[in-house]
Number of protein chains: 2
Amino acid sequence: MQQLFGLNKREVAEILRRKDINPTTQRIEIAYLLLQRPQHLSAEEILQKLNKEYEQVSQATIYNTLRLFVDKGVIRELVFSPDRIYYDSHIMPHHHFIDVETGKIYDIPLESLPMKDINISGIDAEVLEVSMMIKGRLNQPS
Amino acid sequence: MQQLFGLNKREVAEILRRKDINPTTQRIEIAYLLLQRPQHLSAEEILQKLNKEYEQVSQATIYNTLRLFVDKGVIRELVFSPDRIYYDSHIMPHHHFIDVETGKIYDIPLESLPMKDINISGIDAEVLEVSMMIKGRLNQPS
DNA sequence: TTGCGTGCAAACGCTTTGCATATTA
DNA sequence: TAATATGCAAAGCGTTTGCACGCAA
């Protein structure tokens, strides 16, 4: 199973409906932006991009909607820094690399980081999310 | 190599000195509390614990000192939730399990989560930190 | 006595929220 | 027309900071 990106607004609305979200104009705009491609955006970045040409969505609605989307599983919340939350439009399992120089987040496909025989001994729990974060310094392709 | 806990204040001062930190009264108090055992404390929790009996360390100093300790490698910063930063007194590599019910953080020893053949293909970088976080719901030992 | 550390209080910045208005079913 | 969503502005809250004072080398 793979995730689709670059959908049109009608298709985005359908995705929201399937996730039990009333597809209002603002919610479609936000989801349409996010689901263009796999990406990591902060609330502020989303606000700027959406309202670049004219005021489309208020700050309060952005925040309310992002939280709703996370709860409903449309996007994933990334908490790597205390500064701001990033929202990941790519919800299939994968890991992240953060370049400490730029703060940019890169996806790491699961296959690139094979983990065999995972077995969390000593902890008896229902696992909801596994997330691997790697911080480092990108080597410049000079 | 293993990390020592439960040191006395003289030993704590020595550890700070070795990490290029001037061991002042307040810094020793904070480090002494943290290095009692492997634990995860927020700034607020540290403030409360230290000043329980009488005012020992101000809030500003707690925050300044925690940041200093992180920079000098005395403790490790855990950013798992946007709410607050937790400080991990256990700096040997290990992973974390977060109980979504209580917010409590549990250590997962490396051996419990064996990862063979790690190979981050596609990314050419100097790796500074690897951190695996598992969110879940603890099964009650009813 | 000079630089570093501490602490008060105010500022900061991201996020949340109360409430009135607007929109939708 | 009842329920839900939006948006403004203010509040909230963890963290940082400016600055004056204190302390130690």
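Below, chains carry the letters A, B, ... as their sequence lines are ordered, and counting in each starts from 1. Values reported hereafter were calculated over all heavy atoms of this structure, with side chains retained and with hydrogens, waters and symmetry mates removed.
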Ignoring backbone atoms, test whether [X] places a side-chain nitrogen or oxygen under 4.0 Å from the OP1 or OP2 oxygen of [N].
X       : N      : result
A/Gln26 : C/dT23 : no
A/Thr24 : D/dT6  : yes
A/Arg84 : C/dG13 : no

Rounded to whole Å, please give me the gap between [atom1] in [X] and [atom2] in [N].
X       : N      : atom1 : atom2 : value
A/Phe69 : C/dT15 : CZ    : P     : 16 Å
A/Glu45 : C/dC14 : CD    : P     : 11 Å
A/Leu16 : D/dT4  : CG    : C1'   : 16 Å
A/Glu44 : C/dC12 : CD    : P     : 16 Å
B/Ile28 : D/dC23 : CD1   : C1'   : 14 Å
B/Arg27 : D/dA24 : CZ    : C1'   : 12 Å
A/Leu47 : C/dT16 : CG    : P     : 14 Å
B/Asn51 : C/dC8  : CG    : C1'   : 14 Å

Query - Over 12 foreign heavy atoms within 6.0 Å of CD, A/Glu53 - result: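 Open: at most 12 neighbouring heavy atoms sit under 6.0 Å from CD of A/Glu53.
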Query raised in the report: Linking I/L/V/M/F/W/Y whenever any side-chain heavy atoms sit under 4.5 Å apart, do B/Phe80 and A/Leu78 land together?
Result: no
Requested in this report: Please check if A/Phe69 and A/Ile15 belong to a single hydrophobic cluster, counting links between Ile, Leu, Val, Met, Phe, Trp and Tyr side chain heavy atoms closer than 4.5 Å.
Outcome: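 Yes; A/Ile15 is reachable from A/Phe69 via cluster members.
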Report task. Please state whether the rings of A/Phe97 and A/Tyr106 are parallel, tilted or perpendicular, taking 30° and 60° as the class boundaries. Result ->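 Correct class here is tilted.
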Requested in this report: State which of C/dG7, C/dC4, D/dA5 makes the closest approach to the side chain of B/Asn22.
Outcome: C/dC4
Requested in this report: Go through residues 55-68 of chain A and report each residue with a non-hydrogen atom lying under 4.0 Å from DNA chain D, sorted by number.
Outcome: A/Gln56, A/Val57, A/Ser58, A/Ala60, A/Thr61
Query raised in the report: So, B/Glu14 and B/Arg18, do they make that salt bridge, N to O below 4.0 Å?
Result: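 Between B/Arg18 and B/Glu14 there is a salt bridge, with a charged N closer than 4.0 Å to a carboxylate O.
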